[in-house]
Every structure is written in structure tokens, then in C-alpha cells.
Amino acid sequence: MRDNCFCAKFRFVQTAFQNISRNQPIESVKDMENNYDVIIVGCGAAGLYGAIHMPPQCRVLVLCKQELTLCNSSLAQGGIAGVYHSPDDSVALHEKDTMIAGGYRNNPDAVHLLATHAAQEIQEILDYGVDFDRTPEGELHRTLEGGHSRHRIFHHKDATGAEILDKLIRKVKTLPNVTILEHAMMMEMRRTSTGFSANVLQNGACTAYHCHFMLLATGGIGRVYQYTTNSKIATGDGITFAYENGAEIRNLHLIQFHPTAFNDHHTRECFLISEAVRGEGAYLLNCHKERFMDRYDERLELAPRDVVSHAIILESRETRSDNFYLDISHKDPTFIRNRFPMIYEKVLEQGYDMTKEPIPIFPCQHYLMGGIQVNSHSETTVPHLYAAGECAHTGVHGNNRLASNSLLEALVFSRQAAADIAEKLADAPATYETVQFPVHPDAKKLPKGLRTEIRSIMQEHFFVIPHEEKLADGLRRITEIREQLLREPYVRDVDYVEARSLATVAYIILQEVKKA
């Protein structure tokens with residue numbers, strides 16, 4: 001159910017809508033074709049949930065870099081954490097677990113907001129038809145993951161993100177005030193006197209769109225590394241656009257390396273072996289097929305992700321091997337196949353039967369705790385510019401994200417953004433300042449190899465445990481690449497925008513590490 005505060009706080013926007021009946025379809029207003037109240041950049045959980053919660057009179061444009069289903073949200077396996085009709089759990093315990101996992105570097109107010117809103121968001125997505133797994137008695141099933149003191153993870157098999165995204169897509173497609181553009185990439189973004197303008201590439205041509213408010217929900221930065229669990233579109237574009245437009249970026253060096261990515265030693269986009277596998281009793285084994293976590297943390301395999309990743313790296317140095325395994329073969333085979341059907345099929349395709357043998361794993365880049373600094377309303381330091389989801393720094397995660405808090409954060413803080421925008425819409429100007437983005441007819445094609453070099457530098461210099469001796473050289477070279485991209489008249493195509501994003505993200509990360 002839509003939050004009642006929207007109805008109470010939102011006043012019908014005079015300005016562009018003053019001659020429009022509340023019941024008249026917004027699509028009929030031809031002179032406003034490229035002008036919107038809100039542009040949302042990104043179509044993951046944060047972007048779609050934000051669009052759903054905008055007031056019905058608000059004209060919303062959602063830009064999807066590729067197809068609607070391609071985003072990090074759809075790859076989330078484990079579930080969504082929250083205290084929802086849980087007599088043996090409490091909001092205070094969820095907050096405590098989140099703070100412990102984050103090394104108490106979290107923003108307590110943001111953590112409280114996250115935990116207290118969990119029940120509301122879980123109920124709402126249930127209302128949209130999200131099909132969480134249930135017990136034989138018909139109750140919602142809750143699983144356990146590393147860092148949690150209670151079973152509070154709601155899940156759909158091992159494909160929770162895809163299930164939630166599917167239902168959000170269905171919901172947002174029913175909204176007449178929301179326009180979705182797929183395969184539409186924002187190439188440039190500029191602040192104007194009335195809001196923002198976006199230069200959007202779609203079907204080989206660029207079109208300028210204008211808005212009063214913008215919500216960046218562009219996801220993570222995984223492609224700045226050679227190996228990541230992120231989708232191919234996770235190049236940090238939103239963070240770069242925010243940075244270039246004066247927004248504060250904070251704690252970009254706080255990167256989570258997931259300890260159990262499937263390790264075949266050559267795939268750039270690594271398949272994630274969910275935290276929930278360890279939550280269901282899997283063991284971590286070293287190259288000798290021996291358990292080793294007892295030497296690093298008393299919580300063993302259920303220690304938070306950063307602890308486990310560090311332990312694997314230290315153990316690899318001790319054994320001089322990067323061969324590590326995750327073993328759940330001691331559990332009932334039928335349980336494994338039913339609980340983890342997607343993971344089971346994926347690793348079987350690679351020649352491993354997880355019901356009978358250990359799975360090869362190793363840490364790889366997974367999630368970003370830092371990002372575009374926002375307040376409790378998800379507004380950045382640039383007025384009317386918002387950010388939600390992985391690209392935003394809410395302060396919820398501290399130094400390390402607690403498992404299954406990411407989908408919850410995306411829902412909670414995108415709703416916060418929508419609520420704040422709803423309050424401010426009535427004061428939006430009646431006109432839109434338009435921007436003519438420059439064309440570069442004599443521009444040259446971006447040389448090959450720059451993105452590969454950036455990834456190589458980041459993988460070698462700042463992976464799990466920073467390589468202190470190489471950081472200065474890495475920062476120097478990244479700075480050179482970024483300056484080259486900003487200086488040279490390259491063709492402004494997708495390759496260029498992504499290369500500039502990766503260089504900017506790497507530059508900020510290494511700058512922060514140097515100062516730390």
C-alpha cells in the first residue's frame with residue numbers, strides 16, 4: 001500500500017500541470033515530451049521501487065542502460081533481511097548485527113531507519129506477489145547467513161533478487177506516469193537552473209531529456225576489477241556523474257570482496273556461491289581439503305564476509321596456494337538441490353556436483369559500501385539530486401555490509417527519496433532550462449586497452465588486502481589515464497563513458513586509500 005504520507009504531504013503541482021485534469025492521461029501532453037519531473041537512472045530494485053513510490057501526478061522517466069532485467073539486483077541470491085512477524089527476533093538485534101558487521105563505523109541513524117522500515121518493505125513486496133519460500137506449514141521460511149544472530153533472511157530459493165525484480169517490473173509497468181526507456185544510456189549529465197539535463201543514447205542517437213529532480217540508482221563498480229560478481233553494466237557511471245557535478249563521494253575504498261565466488265581462474269564475471277550455503281552448514285576448505293577458519297575467527301564459516309575473505313587471503317599466503325573450496329556435500333542431496341537449485345545447476349554445468357564434492361571458490365569483488373553521500377532522505381550534497389541503492393553511501397553498512405541488507409537498503413532509501421521529492425514537487429519551477437549537448441564530429445576513437453589496464457591495476461594494487469608498496473604507482477598511472485580521457489577529443493560513445501567512469505572510480509578509490 002502506498003505510504004499515506006504521500007497523500008498528506010503532496011500538493012497538486014500547479015506549474016506544468018495547471019491545465020491538466022487529475023484524470024487526464026499524462027501521455028497526452030505533447031509539449032512536455034522530453035521534460036519530466038523526475039529522471040531515474042537505473043532499473044534495479046532502487047530505481048524501480050523509487051519510481052513506484054513517486055506520486056501519480058509526477059512524470060517519471062526511468063533509464064535502463066540495457067534491458068530491464070540486467071542489473072546487480074537480479075543477481076542477488078541470498079535474500080532480504082528484516083524483522084517481520086518474528087517473535088524471537090527484534091529490530092534492536094538486527095541493528096546490532098549490522099553495526100558489528102560494519103565494525104561500528106556505520107551511521108546509527110541510518111541503521112535504525114533500515115531496520116525499523118524492514119517490515120513495511122517486506123509486506124509491500126509480498127503484496128506485489130513476491131513468492132518467498134515457505135515452510136511445510138505455510139509460514140515464511142527464514143534462513144541464516146554470516147553475521148546474523150537470528151534466522152531473518154527471507155528468500156526465493158537462491159534467486160531472491162530476480163524474483164523481487166520481476167514483481168517490481170510488473171508493478172511499475174502498470175503505472176501511467178512512468179516511462180521506461182531500455183537500452184538507453186546517460187552519456188552526459190548537467191545541472192541547470194531548473195534541475196538537470198541528461199544526454200541519452202538510444203538506438204544510435206542521442207536525445208536530451210530535462211527534469212527537476214534526478215535519482216541515481218546505477219548500482220556498483222564491479223567492472224573496475226578483473227573479477228567480480230557484478231553484471232557487465234556495473235561501471236560506476238552514476239558515481240562519476242555525481243562527482244563531476246559536484247556531489248560528495250565518500251568511502252569509495254570500502255569495497256566488499258565476497259569470499260565464495262566460483263573460481264575457475266578465467267571468468268571475468270564470477271558466479272556467486274551464496275552466503276546462504278555457509279548459512280546452511282557448508283565448510284570452507286584450503287588446498288589440503290582441511291577446514292581452517294578456526295585459526296582466524298571463532299564464528300568459523302559464519303563470520304562476516306570481510307573476515308572470511310581476509311582469512312582466505314592469509315591462508316593462501318600460508319599454504320602458497322589459491323585453491324580453496326566450499327563443501328556442503330555432507331548435507332542431504334535432496335535438500336541441497338531444493339534449497340539451491342540455481343547454484344546446483346550452475347556448478348554442475350562446470351563439472352562439479354555440490355551434493356557429492358567440494359566447489360572451488362576464491363574471493364572476488366562483490367559490493368560497494370561507499371558511494372555518493374546522501375542524507376536520510378537520500379538527497380546528495382547537490383540539491384534535488386538523489387541516490388539510492390549500491391551507488392549511494394547511506395552509512396548503513398559501515399566498513400562491511402551485513403549479508404542480505406543490500407536489497408532492503410535499496411527499497412528503504414529509494415522510498416525515502418520518493419517521499420522527499422513528493423514534498424518538494426509543488427515548489428518546482430514551471431519551466432525547464434534546456435541544454436544543447438555538444439557534438440564532436442572530428443573526435444577520434446578511444447584506443448583499446450585502457451579499461452583492461454585499469455582493471456589490472458586495481459586487481460593487483462587493492463584486492464582484499466591493499467598492496468602498500470604499489471599503491472603510489474597505481475594511483476599515478478590511473479591519474480594519467482583519467483587525465484587523458486578528460487583531455488583528448490575522443491568519440492563520446494559507450495566505450496568512452498564507461499572507461500571514464502572506471503578511471504574516475506579507480507582514481508577516487510586509490511586517493512582515499514592513500515589518505516587512510
Side-chain angles (χ1 to χ4, degrees), residues 102-103 105 220-230 234-237 239-240 242-244 247-259 261 263 265 268 270 296 304-318 320-322 362-373 390-391 393 395 397-401 447 449-487 498-516:
R105 297 295 299 273
I221 62 165
R223 287 294 169 156
V224 79
Y225 280 90
Q226 287 180 338
Y227 305 104
T228 177
T229 62
N230 291 189
T235 51
D237 303 334
I239 293 169
T240 298
Y243 179 73
E244 292 175 342
E248 180 184 356
I249 310 298
R250 187 177 296 182
N251 289 336
L252 212 61
H253 68 292
L254 296 182
I255 297 168
Q256 185 176 82
F257 299 93
H258 199 289
N263 181 30
H265 298 282
R268 177 176 293 173
C270 300
Y296 300 96
R305 293 173 179 177
D306 61 332
V307 174
V308 178
S309 291
H310 275 74
I312 290 175
I313 297 301
L314 294 175
E315 185 73 5
S316 71
R317 293 176 180 177
E318 183 71 22
R320 297 185 179 180
S321 171
D322 61 0
F362 201 72
C364 79
Q365 194 282 336
H366 179 58
Y367 193 82
L368 175 67
M369 275 77 69
I372 308 165
Q373 179 64 26
E390 191 173 351
C391 71
H393 178 256
H397 306 302
N399 285 350
N400 176 59
R401 174 172 67 87
L450 290 180
R451 286 185 293 181
T452 300
E453 184 178 359
I454 292 168
R455 294 185 183 109
S456 178
I457 290 171
M458 293 301 294
Q459 192 73 31
E460 183 178 353
H461 294 61
F462 188 57
F463 174 71
V464 183
I465 300 175
H467 199 308
E468 301 289 350
E469 297 176 356
K470 293 186 176 182
L471 280 174
D473 287 341
L475 177 58
R476 176 189 55 77
R477 179 56 186 148
I478 290 294
T479 302
E480 291 174 353
I481 293 173
R482 181 169 181 268
E483 290 177 350
Q484 176 185 340
L485 290 168
L486 295 175
R487 179 183 66 247
E498 291 189 338
R500 187 183 67 189
S501 294
L502 293 178
T504 301
V505 164
Y507 170 77
I508 297 171
I509 290 170
L510 296 184
Q511 281 274 29
E512 289 183 350
V513 175
K514 181 182 177 182
K515 294 176 182 177

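Scope of the values below: all heavy atoms of this structure, side chains included, with no hydrogens, waters or symmetry mates.
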**Report entry** Spatial distance of atom CG (Leu254) from atom CZ (Arg105) [nearest 0.5 Å]
**Finding:** 7.5 Å
Query raised in the report: For Glu318, what residues pass the side-chain hydrogen bond (donor to acceptor under 3.5 Å, both in side chains) criterion, not counting sequence neighbours?
Result: none
**Report entry** Sub-4.5 Å side-chain heavy-atom contact between Leu450 and Gln484
**Finding:** yes
Requested in this report: Using the side chain to side chain contact (heavy atoms under 4.5 Å, CB included) rule, take Tyr367 and Glu390 through it: C-alpha gap first, then chi angles, then the decisive distance, then the call.
Outcome: CA-CA 7 Å; Tyr367 193 82; Glu390 191 173 351; 3.4 Å; yes
Query raised in the report: Would you call Ile255 and Ile221 a side-chain contact if the rule is heavy atoms closer than 4.5 Å?
Result: yes
Requested in this report: Check whether any side-chain heavy atom of Phe463 sits under 4.5 Å from a side-chain heavy atom of Ile313, and report yes or no.
Outcome: yes
Requested in this report: Please step through side-chain hydrogen bond (donor to acceptor under 3.5 Å, both in side chains) for the pair Ser316 and Asp322, ending with a clear verdict.
Outcome: CA-CA 5 Å; Ser316 71; Asp322 61 0; over 6 Å; no
**Report entry** Sidechain-backbone polar pair: Gln459 side chain, Gln226 backbone, donor-acceptor under 3.5 Å
**Finding:** yes
Query - Shortest non-hydrogen contact from Ala261 toward Thr229 - result: CB-CG2, 4.3 Å
Query raised in the report: Would a 4.5 Å heavy-atom cut-off, applied to side chains only, mark Leu510 and Lys514 as touching?
Result: no
Query raised in the report: side-chain hydrogen bond (donor to acceptor under 3.5 Å, both in side chains) with Asn399: which residues, sequence neighbours excluded?
Result: none
Report summary line: Value for NE2 (His393) from CG (Asn251), rounded to nearest 0.5 Å, stands at 4.0 Å
Query raised in the report: Considering only heavy atoms from C-beta outward, does the side chain of Asn230 approach that of Arg223 to under 4.5 Å?
Result: no
Report task. Taking the side chain as every heavy atom from C-beta outward, state whether Phe257 and Tyr225 have any atom pair closer than 4.5 Å. Result -> yes
Query - Sole candidate of Gln365, His397, Arg305 that passes side chain to side chain donor-acceptor pair (under 3.5 Å) when paired with Gln256 - result: Arg305
**Report entry** Closest approach of Pro363 to Ile312 (non-hydrogen atoms, all atoms of both residues)
**Finding:** CD-CG2, 3.7 Å
Query raised in the report: CZ of Arg320: more than 12 outside heavy atoms within 6.0 angstrom?
Result: no
Query raised in the report: Can you list the residues that meet the side-chain hydrogen bond (donor to acceptor under 3.5 Å, both in side chains) rule with Arg476, with sequence neighbours excluded?
Result: Glu480
**Report entry** Atom of Ala503, atom of Ile478 and distance for their closest heavy-atom approach
**Finding:** O-CG2, 3.6 Å
Query - Residues Glu244 and Arg500 bridged, charged N to O under 4.0 Å - result: yes
**Report entry** Set of ring pair (Phe, Tyr, Trp, His ring centres under 6.0 Å) partners for Tyr507, sequence neighbours left out
**Finding:** none
Report summary line: Taken to the nearest 0.5 Å, the spacing of Ile457 CD1 from His467 NE2 works out to 13.5 Å
Report summary line: Heavy-atom nearest pair, Ile372 first then Ala247, reads CG2-CB, 4.3 Å
Report task. Could you tell me the separation between the CZ atom of Arg455 and the OG1 atom of Thr228, rounded to the nearest 0.5 Å? Result -> 10.0 Å
Query - side chain to side chain contact (heavy atoms under 4.5 Å, CB included) against Leu314, all qualifying residues, sequence neighbours excluded - result: Tyr296, Arg317, Ile465
Query raised in the report: To the nearest 0.5 Å, what is the distance between NZ (Lys470) and NE2 (His461)?
Result: 6.0 Å
Report task. List for me each residue that meets side chain to side chain contact (heavy atoms under 4.5 Å, CB included) alongside Leu252, sequence neighbours excluded, and say none if there are none. Result -> Ile239, Ile249, Leu368, Val505, Ile508, Ile509, Glu512
Report task. Nearest 0.5 Å please: distance from the NE2 atom of His253 over to the CE atom of Met369. Result -> 9.0 Å
Query raised in the report: Any donor and acceptor pair, going by atom type alone, linking the side chain of Ser456 with main-chain N or O of Thr452 inside 3.5 Å?
Result: no
